[in-house]
Amino acid sequence: MLNMNLQFIEEKDSQKTKRAKAAQAKKEAALHDPTWAEVWETGYITKTGKQKPGILQMNLTATDKARLLDVKKAIEAGEIGTGLDSNKTLTKTKALEIYRGLMNQRKTGILREMVEKTPTNYRLIQTVPQLRRLVEDLERETFVALDTETTGLNVYQDEIVGLSLSLPVADYHVYIPVAHKAGKQLDRDLVLEALRPMLTNPDLGKVLHNAKFDIHMLIRHGVRMKGLLHDTRIAMALLNENETSYALKNLATKYGKYFGFQEESHTFDELFGKTRFDDVALDVALVYAAKDTHLTLEFYKWQKEHLQKRDKLLQLHRDIENVLVDVCVDMEQTGLLIDREFAAEYGDELRAEIVAAEAKLKKAFGDINFNSPSQLAKVFYDDLKLPDNNKRSTDVKTLKALQGEHDGIKTLLEYRGLTKLLGTYVDALPEKIQTDGRLHGSFNQVQTVTGRFSSNDPNLQNLPPKARKLVIAPKGMLILGSDFSQIEPRILAHLSGDEHFREPYLLGQDLYSTLASRVFKVPIEECRDGSIYRKKMKIGLLAVMYGTSMFTLSQQLGISIEEAQEFIRDFFTSYPGVHKFILSVHESVKKDEFVETIDGRKRRFSGHREQAKAYDALARKICSITGTAEVPANFWKIKEIPRALKEAYQKVKGPVESVRRQSVNAIIQGTAADVMKKALLQVHAYCKSKGWELFATVHDEALMLVSDQITPAEVREIENCMLSAVDLNVPMKVDTELMKRWGEGIKKSEWFNQAA
DNA sequence: TCCGCGGGCCAC
DNA sequence: AAACGTGGCCCGCGGA
């Protein structure tokens, strides 16, 4: 209920939905764009300069559309002139030119106004006495807000040019310039040394927005910050995982009215664009930077109130996410050692194979760019007249189906694999190596709606086995990877409480074999590892957990839709607790418009209640006509159902079923993410005590660098760290591998056997 | 030259 | 008529 009074509940579209929506929007914009017509009013000018009346049919990007509306408003308000005679029509080019001028005019105006309105308790620290006074005042604080301004965003290369601090007790906000190109200021090292006791004091709480960045920057200048109290970016992600932007200024613009910041806040980009912060004049820098920590401080107080009203979320924040920041920083600092020689050789090898494949492809398909789907589609479906099924797709699935039609397709598939491996991994990874010789990817603990980690620049969570081989352990060290075995099915077993589903885990039997034997009603001997029953069951369970449609399942299993339906029916009959659990999630998300993990992480689905009610009502109506318990899969073909009813049902079916799939998945995936985060905290602490280092996490796996003298007992310790994060009503299992080179892991038992 | 988008594809 | 959850990166392509 508490969620209702806040504007937290917004739905962020998945990448897939976003793409679909964008495509649709583009289509519509291309057909008819009244916005543009409004701006032009009298018509439009064609490329050749001819003026035409009527509505312009032009494909406008959403950005341009917004810009033109902005220009229109500004002209009407007299903010800016068009510079045109009144009888002339505005061209698109001219309108965008006016827009640029308008932006510059506004920017200058905003900055001037900001400086003029600098609050009296915003202060520049430019002299030693001022700094000394600041340090004295800091001693009376229990927490402060902190931020760094830098030359750029690369935490391994860029530098701090200033620090801002907000002092709640002393009630003032400072900016300490240390490396601006102009203006009176103190030396960076001197300032950092003066602040070091305070920065490294774990008992003085620090409040930051996106603390990871500033902690990295401070490490770069030799200071390891301690005492992170609250990260407003992380807290915001917990309070609303659907937020479209987590930039502080955007959040302030949206939520500032709740904590005393009425006016619009402008992002760095809006105000400074590509200007480096050390080029910014000090009076401007003060008002911009001090406002940052001022905002952060007030935002923190406001967020704290809301967290305190939500026990579980507060705990999740305090005990998991907040303390995880340091783990994340360490993980990124450790980075990965890349075998450059191996990468170079492997790259050459791949390049040779690609050249050979290209020659074959040229013979088969002509001199086109084989990386271009549009050029390939032209050759396949226009020239060679291959069956296109109205899709003209060139993806792997389609190509595999077409393999029999043309000899060159097999080569194209090989070529795809080779170029993907080379371009995305083998060539790309070494290029990201920083000056310290290590590859430092970024791990983000609050970038996903479910609570999983994401990774980027480069993404270390999607390296295929062949690319993992580029990563090696430094001398005297080994790579150790521990992963939770079947964590998501185990969580489903726990949450559903299904006796039969839990049984194999309690008895230490193979889950998929047991499931297969029960569902397919065949002896367990026929369902062992490698059997077709077990394989099908694995796909089937994924379908159950993620709510796959019968169509997709039938495709994946190579059976008819009816057989797929029967399979799922049999599964639910065999495991009624699982069925009950899934239905109960559907019910609760319909009632609450959110679901939560065991640790209280929420995923919210705004507006679902309404749609789910409509969907259920329409489904009942259809069922009353067909006389069935559920809407038949082939309802479109049933003549007795009125067309309008079919259409109304179809319209809500997609979104409602999508939310249902997402909600079941969010609980399972999100709980697994919570478990992994707790495990990382334990593993990190243990590694630190040993002088070892965590360097990555891949959803259900923790990867670390350990001594090559590691003992079996120490491996058990690590596994126990992982297991201590789990509290389910079925046992958890952790598998550990050791290796010199990632992707060449050897099970711990074999590793120690062979060493002995 | 840079940007955004779409198709495609890698991981769990 | 549309068809499975969570992510990020590469390339081509069209537009500024």
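As the structure is a prediction and not an experimental result, all values here were calculated from the model. The figures here come from the full heavy-atom set of this structure, side chains too, leaving out hydrogens, waters and symmetry mates. Here is how names work: the chains are called A, B, and so on, in the same order as the sequence lines, proteins then strands, and each is numbered from 1.
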_Interatomic distance, A:Y649 OH vs C:dA2 C1' [rounded to whole Å]_ = 12 Å
*Assess whether one donor atom and one acceptor atom, taken from the side chain of A:K420 and the base of B:dC9, lie less than 3.5 Å apart.*
yes
_Checking contacts here: which listed nucleotide (C:dC9, C:dG5, B:dG8) is nearest the side-chain heavy atoms of A:N456?_
C:dC9
*Taking atom types as modelled and ignoring hydrogens, do the side chains of A:S482 and A:T736 form a donor-acceptor contact shorter than 3.5 angstrom?*
yes
*Pick the P atom in B:dG7 and in C:dA2, then give their distance to the nearest Å.*
15 Å
Please write out each protein N/O paired with an N/O of nucleotides 1-3 of chain B under 3.5 Å, distance rounded to 0.1 Å.
none

_I want to verify a distance call: between B:dA11, C:dC10, C:dA2, whose nearest atom is closest to the A:Q650 side chain?_
C:dA2
_So, using side chain to side chain donor-acceptor pair (under 3.5 Å) as the criterion, who are the partners of A:Q461 when residues are at least two apart?_
none
*Does OP1 or OP2 of C:dT6 have a side-chain N or O of A:R452 closer than 4.0 Å?*
no
*Would you please name every residue forming a side chain to side chain donor-acceptor pair (under 3.5 Å) with A:H440, sequence neighbours left out?*
A:D436
*asked:* Once hydrogens and angles are ignored, does a donor-acceptor distance under 3.5 Å link the base of B:dC9 to the side chain of A:R416?
replied: no
*Taking only side-chain nitrogens and oxygens of A:Q447, does any of them come within less than 4.0 Å of OP1 or OP2 of C:dG7?*
no
*asked:* Counting C-beta onward and ignoring hydrogens, is there a side-chain heavy-atom pair between A:Y575 and A:V544 closer than 4.5 Å?
replied: no
*asked:* Quick check for you: among C:dG5, B:dG7, B:dC10, whose closest atom lies nearest to any side-chain atom of A:N665?
replied: C:dG5
*Which nucleotide, B:dC9, C:dG7, C:dG12, lies nearest any side-chain atom of A:N459?*
C:dG7
*For the rings on A:H406 and A:F365, is their centre-to-centre separation under 6.0 Å?*
yes
*Are OP1 or OP2 of C:dG7 and a side-chain N or O of A:Q669 less than 4.0 angstrom apart?*
no
_Separation of C:dG5 P from A:H586 NE2 (nearest whole Å)_ = 12 Å
_Candidates C:dA3, C:dT6, B:dC12 - which lies nearest the side chain of A:F551_ = C:dA3
*Among B:dC9, C:dA1, C:dC13, find the nucleotide with the atom closest to the side chain of A:S372.*
C:dC13
*Are A:T394 and B:dG8 close enough that a side-chain N or O sits under 4.0 Å from OP1 or OP2?*
yes
*asked:* OP1 or OP2 of B:dG8 versus the side-chain N and O atoms of A:R392: is any pair under 4.0 Å?
replied: no
*asked:* Would you say NZ of A:K646 has more than 12 non-hydrogen atoms from neighbouring residues, nucleotides or ligands within 6.0 angstrom?
replied: yes
_Regarding A:L542, tell me which of base, sugar-phosphate or nothing describes its non-hydrogen contacts under 4.0 Å with the strands shown._
nothing
*Check the distance between B:dC9's P and A:L463's CG and give it to me in whole angstrom.*
18 Å
*asked:* Base of B:dC10, side chain of A:N462 - is there a donor-acceptor contact under 3.5 Å?
replied: yes
*Presence of A:S393 side-chain N/O under 4.0 Å of B:dG7 phosphate oxygens OP1/OP2*: no
*Could you tell me whether the side chain of A:Q403 reaches within less than 4.5 Å of the side chain of A:L399, counting heavy atoms only?*
no
*asked:* Looking at A:S549, I'd like to know whether one of its side-chain N or O atoms comes within less than 4.0 Å of OP1 or OP2 on C:dA2.
replied: no
*Separation of C:dA3 P from A:W636 CH2 (nearest whole Å)*: 14 Å
*Tell me whether the guanidinium CZ or amine NZ of A:K653 lies under 6.0 angstrom from the six-membered ring centre of A:Y615 and within 45° of its axis.*
no
*Contact class for A:Y425 vs. all strands (heavy atom < 4.0 Å): base, sugar-phosphate, or nothing?*
sugar-phosphate
_Would you say A:T424 places a side-chain N or O within less than 4.0 Å of OP1 or OP2 belonging to C:dC9?_
no
*Regarding A:D457 and A:S442, is there a side-chain donor-to-acceptor distance under 3.5 Å anywhere?*
no
*Assign A:V664 to base, sugar-phosphate, or nothing according to its heavy-atom contacts below 4.0 angstrom with the strands shown.*
nothing
_Using a heavy-atom cut-off of 4.0 Å across all strands, would you classify A:Q375 as base, sugar-phosphate, or nothing?_
sugar-phosphate
*Between A:E488 (CD) and C:dG7 (P), how many Å, whole number?*
13 Å
